[in-house]
2 protein chains.
Amino acid sequence: MKQTPELISGDCSECPIRHRAVCSRCEPEELDELEQLKYYRTYKAGQTIAVRGDDLTTVSSVVTGTATLSRVMEDGRTQIVGLLLPSDFIGRPGRTHAQYDIQAISDVTLCCFRRAPFEQMVTRTPHVSERMLEMALDELDAARDWMLLLGRKTAREKVASFLLLIQKRSARPGGEELGEDLRLELPLTREVMATYLGLTIETVSRQLTALRKDGVIDVQGKKVIVIKDLIALMMESGDDDDGGILD
Amino acid sequence: MKQTPELISGDCSECPIRHRAVCSRCEPEELDELEQLKYYRTYKAGQTIAVRGDDLTTVSSVVTGTATLSRVMEDGRTQIVGLLLPSDFIGRPGRTHAQYDIQAISDVTLCCFRRAPFEQMVTRTPHVSERMLEMALDELDAARDWMLLLGRKTAREKVASFLLLIQKRSARPGGEELGEDLRLELPLTREVMATYLGLTIETVSRQLTALRKDGVIDVQGKKVIVIKDLIALMMESGDDDDGGILD
DNA sequence: CGCTTAATTGACACGATTCAAAGATAGTGG
DNA sequence: CCACTATCTTTGAATCGTGTCAATTAAGCG
């Protein structure tokens, strides 16, 4: 679990998620206000950030690392219902208790705000609430796409869709259309994949093997997957194109 | 498909969804402004309201009736990703194309606004955008709960959960703790149920039969289901309680 | 280099789907 | 008012995909 401790300056203008988080639309003076409220908190990989029912005294943005949102049934069956990546927001106005379990799956840094002052701030600064609405609606779309996957896709389609999701999210903007950003470094175990896809570990493993044998991907060790045939993988995922809906 | 045409006055203060829709927090003068923009549009049961990719020139609130949001795969597999009930909102700021197919499953009346003027209005009236954020986050929670259902629940649990969902939503506020609002009039065919639950029609039918044979429910004709044992049904649904998270 | 944990593979079981047919229901017209 | 018809629902039998349980292999770390 060694990881270079990423030193994060207190200066919001230097923040790696400056342009995407809830604060992305803020004017300099609004940023100043946020800057006074915020503080950082870090979690190690595997650590629990919150469990369902917890009193949420803070809200936060993910600055670095990855966390999962999940729901657990009484008998232990678990479904990951969201992946929290840098710039994603944790908590919501008007809700004092956590609805989901939140776990760090890599080392995570959060930019935290005490809830009450943050909520006051939000009502005063439309730039924050506008951005929060936009982010919430994006998450809603993502959740609904995932519902299609969970409800209707086969195991093979699920795994293919997952690899494409990771590929899209880890793509460095600009440059990868040259073709060779198709090497995925998964920060995730098979268990996390399975829990996200509504499958078992064994099934995920079998589907990866099958895709490898069919020449679509290459599996190198536990954490690296190379997409050998992106077009084929897209076909396997069962997704149609977006019909030109990329507002 | 006969249905008494519900005459809806143009007066927002008389509106059946006045207290729950995006406009619920508006001051009288804000309502006046909305009133000038709005117009009603009706759809018959079964009619398509929008298909994925459509140019959305309007946004709207459901006033009466029920509609579904769904995603369809190329080969026809379909998943309903949301139920639109009175007060639910259709469309989103900053998005010009429909992301989902929208279909009326009963006769539906929408309160419509042309998109551009509505968006301008929203930026000026925080009461609307606040409410939209709240509603979006509620929908997100509902979507995530549904992900647990789709990913991890058995067919029997899915059907039980569905009946409880309908029961909760059709419960008249106050009064049903006397016990006998447990007669559900489903406006839905088995097909809609199946498409919502990620199952086939046959499986839904079998599970309803099984629940009936076990004395949990009673099925009267196609559209009426009586919950004979609510506690048992809750057990069957696989949901734990909410841990006291009812903000 | 060995040890611990994660991942893979295999055999089998079970639940849900598929395909097919019969039964019930609601709407229509005589 | 009843028969007729189209549609929806239920039921049955066989199949297929994924889960379960168990054993083996590989990877990563001290």
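Chain naming here is simple, since letters A, B, ... match the order of the sequence lines and numbering starts at 1 in each.
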Looking only at the side chain of Glu202(B) (C-beta and beyond, no hydrogens), which of the listed nucleotides dT9(D), dA20(C), dG10(C) gets closest? dA20(C)

Would you mind reading off the distance between Lys158(A) atom NZ and dG19(D) atom P, rounded to a whole angstrom? 7 Å

Rounded to whole angstroms, how far apart are CD1 on Ile225(A) and P on dA6(C)? 17 Å

On DNA chain C, check which nucleotide each of Gly221(A) and Gln220(B) is closest to and give me the residue with the more 5' one. Gly221(A)

Confirm from the modelled atom types if Arg206(B) and dG12(D) form a donor-acceptor pair under 3.5 Å, side chain to base only. yes

Strictly below 4.0 Å: does Thr200(B) bring a side-chain N or O up to OP1 or OP2 of dT17(C)? yes

To the nearest angstrom, how far is Leu211(A) atom CG from dA7(C) atom C1'? 16 Å

Candidate nucleotides dC8(D), dA6(C), dG19(D), ranked by approach to the side chain of Leu199(A) - the nearest: dG19(D)

Please tell me if Thr189(A) has a side-chain N or O lying less than 4.0 Å from either OP1 or OP2 of dA6(C). no

When the distance from CD of Glu191(B) to C1' of dT7(D) is rounded to whole Å, what number comes out? 11 Å

Can you tell which of dT10(D), dT9(D), dT18(D) lies closest to the side chain of Val219(B)? dT10(D)

Length of the line joining Lys223(A):NZ and dA6(C):P, which is rounded to integer Å: 10 Å

Verify the contact: side-chain N or O of Thr203(A) to OP1 or OP2 of dG19(D), cut-off strictly under 4.0 Å; return yes or no. yes

Verify the contact: side-chain N or O of Thr209(B) to OP1 or OP2 of dT11(D), cut-off strictly under 4.0 Å; return yes or no. yes

Here the distance between atom C1' of dA7(C) and atom CD of Gln207(A), to the nearest Å, is 15 Å

Check each of Lys158(B), Arg156(B), Lys153(B) against Glu236(B) using the salt bridge (charged side-chain N to carboxylate O under 4.0 Å, His left out) test, and report the only one that passes. Arg156(B)

When the distance from NZ of Lys153(B) to P of dA16(C) is rounded to whole Å, what number comes out? 14 Å

When you measure from the side chain of Arg190(A), which nucleotide among dA16(C), dT8(C), dT11(D) comes out closest? dT8(C)

Can you label the angle between the Trp146(B) ring and the Tyr196(B) ring as parallel, tilted or perpendicular, going by 30° and 60°? parallel

Would you say that Asp138(A) contacts Arg95(B) through its side chain, given a criterion of any heavy-atom pair below 4.5 Å between the two side chains? yes

Main chain of Gln220(B), side chain of Asp218(B): is a donor-acceptor contact present, judged purely on distance under 3.5 Å? no

Is there a donor in the side chain of Tyr39(B) and an acceptor in the side chain of Arg41(B), or the other way round, less than 3.5 Å apart? no

Give one of base, sugar-phosphate or nothing for Leu208(A), where a contact means two heavy atoms less than 4.0 Å apart. nothing

Spacing of Leu188(A) atom CG relative to dT5(C) atom C1', expressed in whole Å: 17 Å

